[in-house]
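In listed order, ligands and their atoms are each counted from 1. FYI, the numbering just counts along the sequence from 1. These figures come from a predicted structure and were not determined experimentally.
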Amino acid sequence: MHAEIRHDWALDAIEALFELPFNDLLFRAHCAHRAHFDPNAVQVSTLLSVKTGACPEDCAYCSQSARNDTSLERERLMPVEEVIEAARSARENGATRFCMGAAWRNPTDRNLEKVIEMIEGVKSLGMEACVTLGMLSRAQAERLAEHGLDYYNHNIDTSPEFYGEVISTRTFEDRLETLEHVRDAGINVCSGGILGMGESRRDRASFLRQLANLPRHPESVPINMLVQVPGTPLYGADRLEPLEFVRTVAVARILMPASHVRLSAGRHEMNDETQALCFFAGANSIFYGDRLLTTDNNEENADQRLFDKLGIHPLIPEGCGCGSRETAPAAASAKA
Ligand code: SAM
Ligand code: DTB
Ligand code: SF4
């Protein structure tokens, strides 16, 4: 029911979804969710910033832009062994995917080789590997694919119409080009954006339309609520109404019924009720661990309690060698 995969969405039709009565929208999204997924399984990833700060880009939301005065200590690319150690600990805590982020406009070929060692280390632990390194050339995407990278995260961030209000140092088209390189190389695409940056509802509809009308939907769609960082131009922006965030998750689920929709950054400031509504609306992935890249995430214990309360269990990917069946959050209560 309502779970057709389409790539020809008109903006007005998406806006009409946003305007449905809340219960009608959530019912429709939840039916689409059930048609494609176990509604009680949530994919669990852990993030690590492997190269922090001093980024030349001017993203108005970001703590890591050299142009934003955010008191963040810049750090060099982490040693491979430390990254693998962090992945091992994430695996012990129940994550099945390890996502490594670097504050680059794009990686140099030399840096890419270091990241490949990290990817190989993560894969050798039986975990899925994801990286987000900025723009990629076709050749770089192919090189990552040769080394078994599972997912590449590259967000379009917002609508093409609002984009210029947020970033000036790279274009919306640059982002689409990187996504095409990743897709053509055969790597799973992870692409979404940020809400609560002062965009309109029409912008939120247009942002989702861009993703839904790609030749193939991203396998993973992170929906971030802006984490307001002091010293960034977006610090102090009007907060988005939580129910509008839930609506956006629901529309993402209807437009991309077979994709994992990630309830991404911003959970730290959401209560359990808002998160529960997001799961009902079709969110089925989270970042787990008490840090995102440079800001705090929910504490692991709080997430375990929430999973327990909602009867949610972590999704274990097919053929996963990570041993997470025994250790993942809420796995203990699921067995009880
Ligand atoms: N530098 C790379 C890039 O921009 O492609 C990779 C890392 S970047 C931090 C990854 C994504 O995190 C951004 O595209 C943005 O969507 C999200 N992000 C960054 N700062 C955020 C914030 N303060 N609140 C919410 N999401 C944020
Ligand atoms: C995504 O969409 N969100 C993550 C991940 N992809 C790389 C990053 C969130 C960053 C939140 C702010 C911070 O911790 O710096
Ligand atoms: Fe740099 Fe990525 Fe932050 Fe933009 S989002 S400033 S590209 S680290």
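- Listed by atom number, the atoms of ligand 2 under 4.0 Å from T132 heavy atoms are 7 (C).
- Closest approach of G231 and N68 over heavy atoms only: O-CB, 3.7 Å.
- For ligand 2, the atoms closer than 4.0 angstrom to any heavy atom of S264 are 1 (C), 2 (O), 3 (N).
- Across all non-hydrogen atoms, the minimal contact from T169 to P56 is CG2-O, 4.4 Å.
- An N or O contact shorter than 3.5 Å links N153 to ligand 2 by distance.
- At the shortest separation from atom 8 (C) of ligand 2 among protein heavy atoms lies L293 CD1, 3.8 Å.
- Following chains of ILVMFWY side-chain contacts shorter than 4.5 Å, one can reach V83 starting from L125, so the two form part of one hydrophobic cluster.
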Check the pair R201, E15 against salt bridge (Lys or Arg N to Asp or Glu O under 4.0 Å), reporting the backbone distance first and the verdict last. CA-CA 8 Å; R201 179 178 269 187; E15 280 196 293; over 6 Å; no
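- Taking the ring axis of F287 as reference, the NZ or CZ atom of R267 does not stay both within 45° of it and closer than 6.0 Å to the ring centre.
- Counting only non-hydrogen atoms, the option in H154, M135, R170 that gets closest to atom 7 (S) of ligand 3 is R170.
- Applying the ring-ring contact (aromatic ring centres under 6.0 Å, His included) test to every pair with at least one member in residues 209-240, sequence neighbours left out, gives these pairs: H7-H217.
- Ion pairing between R183 and E219 holds under the 4.0 Å rule for side-chain N and carboxylate O.
- Sorted by first and then second residue, the ring-ring contact (aromatic ring centres under 6.0 Å, His included) pairs involving residues 135-156 (not counting sequence neighbours) form an empty list.
- The residue from T294, V221, N224, V227 that puts a heavy atom closest to atom 2 (O) of ligand 2 is N224.
- Contacts between N155 and ligand 2, counted as non-hydrogen atom pairs separated by less than 4.0 Å, involve the side chain only.
- For ligand 2, the atoms closer than 4.0 angstrom to any heavy atom of P222 are 2 (O).
- Listed by chain and number, residues touching ligand 1 at under 4.0 Å (heavy atoms only) are Y61, A102, W104, T132, G134, H154, N155, D157, R170, I194, N224, M225, L226, V227, A265, L293.
- Note that atom 2 (Fe) of ligand 3 has no protein non-hydrogen atoms nearby, at separations under 4.0 angstrom.
- A salt bridge is defined here as a Lys NZ or Arg NE, NH1 or NH2 lying under 4.0 Å from an Asp or Glu carboxylate O, and E120 with K123 fails to meet this definition.
- With waters neither drawn nor counted, the protein N/O/S atoms under 2.8 Å from atom 1 (Fe) of ligand 3 amount to 1.
- Atom-to-atom distance recorded for I223:CD1 and S285:OG is 11.0 Å, nearest 0.5 angstrom.
- Here the two rings, on H33 and F280, have centers that are 6.0 Å apart or farther.
- Heavy atoms only, all atoms of each residue included: I84 and V122 are closest at CD1-N, 4.0 Å.
- Nearest non-hydrogen protein atom to atom 12 (C) of ligand 2 is T295 OG1, 3.6 Å.
- Enclosure of atom CG in D8 by more than 12 non-hydrogen atoms of other residues, nucleotides or ligands within 6.0 angstrom is indicated.
- Considering all non-hydrogen atoms of both residues, A258 and R253 come closest at N-NH1, 4.2 Å.
- Residues D109 and Q140 have side chains that bring a donor and an acceptor to within less than 3.5 angstrom of each other.
- The shortest separation from a heavy atom of F287 to ligand 2 is under 4.0 Å, placing the residue in contact.
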